[in-house]
Amino acid sequence: MRSAATAGWAFLLWGDDAAGPVPHTPLTARLAAATHTARALRTLRKRGWGVAQSHLRELQLPQGAHRDLPEATAIRLARRELPRCQLVVRLLDPDALCLSRSFALAVHLSALGLPAETVIARQRSSIGARFAFHSWTELHGEVLNDVPAVQSGHTVLHRVRCAALV
């Protein structure tokens with residue numbers, strides 16, 4: 001017989017609570033993270049990657065942010081926030097490519113106090129140059145918005161994270 005914690009779809013998406021419960025994120029913190037994400041996407045679209053990455057690096061963290069969580073708990077919390085962030089991306093930039101989606105997730109998680117980083121990489125081997133570059137978001141070395149094997153097929157060129165969380 002399954003416990004109440006493992007019943008339903010949440011167990012299939014995020015696993016059980018064996019590593020401890022995921023801390024509650026207040027609605028105000030989620031709204032602030034969504035606002036930071038929207039601003040960052042607008043900056044990326046209008047001013048380019050050079051200015052946008054400064055937005056992530058210089059992000060100011062709110063009081064009570066999710067800092068110093070155990071890695072497993074932080075990753076589970078990040079996976080629960082992924083659909084919320086991607087909703088903001090879909091509303092503001094429905095045709096967003098991997099860089100926009102990854103950058104938005106890193107900003108969203110960083111605004112919550114999680115040390116996420118945007119990773120930009122080049123495929124190790126490719127037939128054509130069209131899909132030679134790719135981007136994803138990592139938290140404690142764990143890929144959040146792509147398949148974990150993406151790391152093995154790419155050479156990392158650049159990592160960007162919030163300076164307050166380094």
Side-chain angles (χ1 to χ4, degrees), residues 9-10 12-14 22 24-62 65-67 74-124 126-166:
W9 290 100
L12 295 173
L13 295 174
W14 302 299
V22 175
H24 173 71
T25 303
L27 180 61
T28 54
R30 283 193 178 130
L31 290 174
T35 302
H36 282 294
T37 302
R39 286 184 190 146
L41 283 171
R42 185 174 56 237
T43 300
L44 179 61
R45 188 173 52 245
K46 292 186 183 250
R47 302 189 66 201
W49 174 244
V51 176
Q53 64 182 320
S54 297
H55 184 91
L56 176 56
R57 283 192 181 114
E58 298 165 5
L59 188 66
Q60 298 297 314
L61 300 180
H66 292 298
R67 289 180 161 181
I75 290 167
R76 288 175 47 237
L77 177 63
R79 290 205 167 131
R80 288 190 181 189
E81 290 298 322
L82 178 61
R84 293 174 180 100
C85 175
Q86 295 306 315
L87 177 63
V88 173
V89 174
R90 288 286 181 196
L91 290 172
L92 297 177
D93 192 1
D95 299 322
L97 297 177
C98 59
L99 179 62
S100 297
R101 292 190 314 266
S102 299
F103 175 64
L105 181 59
V107 169
H108 184 91
L109 296 176
S110 294
L112 295 175
L114 299 175
E117 59 187 1
T118 301
V119 179
I120 300 172
R122 185 180 194 294
Q123 288 179 342
R124 290 202 174 118
S126 67
I127 296 171
R130 184 169 182 209
F131 298 106
F133 296 93
H134 189 47
S135 180
W136 61 88
T137 304
E138 288 185 11
L139 177 62
H140 300 298
E142 182 93 13
V143 178
L144 297 174
N145 62 337
D146 208 330
V147 295
V150 73
Q151 294 168 317
S152 64
H154 291 81
T155 301
V156 174
L157 302 173
H158 192 56
R159 291 177 180 271
V160 180
R161 71 175 356 178
C162 177
L165 294 169
V166 175

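Below, each value reflects all heavy atoms present in this structure, side chains not excepted, and no hydrogens, waters or symmetry copies. Residue numbers count from 1 along this sequence. Bear in mind the structure is a predicted one, so any value in this text is a computation, not a measurement.
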Residue pair H134 / C98: nearest heavy atoms and the distance that separates them: ND1-SG, 3.4 Å
Heavy-atom closest pair, residues L165 and G113: CD2-O, 3.6 Å
Sequence-distant partners of T155, side-chain hydrogen bond (donor to acceptor under 3.5 Å, both in side chains), two or more places apart: R124
Partners passing side chain to side chain contact (heavy atoms under 4.5 Å, CB included) against L92 (at least two apart in sequence or in another chain): A38, L41, V88
Set of side-chain hydrogen bond (donor to acceptor under 3.5 Å, both in side chains) partners for R84, sequence neighbours left out: none
Sequence-distant partners of A111, side chain to side chain contact (heavy atoms under 4.5 Å, CB included), two or more places apart: A33, H36, L59
Pairs satisfying salt bridge (charged side-chain N to carboxylate O under 4.0 Å, His left out), at least one member in residues 138-157, at least two apart: R79-E142, E138-R159
Partners meeting side chain to side chain contact (heavy atoms under 4.5 Å, CB included) with L97 (sequence neighbours left out): none
For A74, side chain to side chain contact (heavy atoms under 4.5 Å, CB included) partners two or more places apart: L69, L114, L139, H140
Shortest non-hydrogen contact from C85 toward T37: SG-CG2, 4.2 Å
Inter- and intrachain pairs under side-chain hydrogen bond (donor to acceptor under 3.5 Å, both in side chains), touching residues 89-103, at least two apart: S102-N145
Heavy-atom closest pair, residues E117 and A106: C-CB, 4.1 Å
Salt bridge (charged side-chain N to carboxylate O under 4.0 Å, His left out) partners for R39, two or more places apart: none
Considering all heavy atoms, the nearest L144-L82 contact: O-CD2, 3.7 Å
Selection residues 26-36 - residue pairs positive for salt bridge (charged side-chain N to carboxylate O under 4.0 Å, His left out), sequence neighbours left out: R30-E81
Spacing of T118 atom OG1 and W136 atom CH2 [to the nearest 0.5 Å]: 11.5 Å
Heavy-atom donor-acceptor pair, H108 side chain to A104 backbone, under 3.5 Å: no
Pair listing, side-chain hydrogen bond (donor to acceptor under 3.5 Å, both in side chains) test, anchored in residues 45-54, at least two apart: Q53-R57, Q53-H158
Any I120 side-chain heavy atom under 4.5 Å of L99 side chain: yes
Between SG on residue C162 and NE2 on residue H55, distance to nearest 0.5 Å: 10.0 Å
Candidate pair L112 and L77, rule side-chain contact (heavy atoms from CB on, under 4.5 Å), full reasoning: CA-CA 10 Å; L112 295 175; L77 177 63; 5.8 Å; no
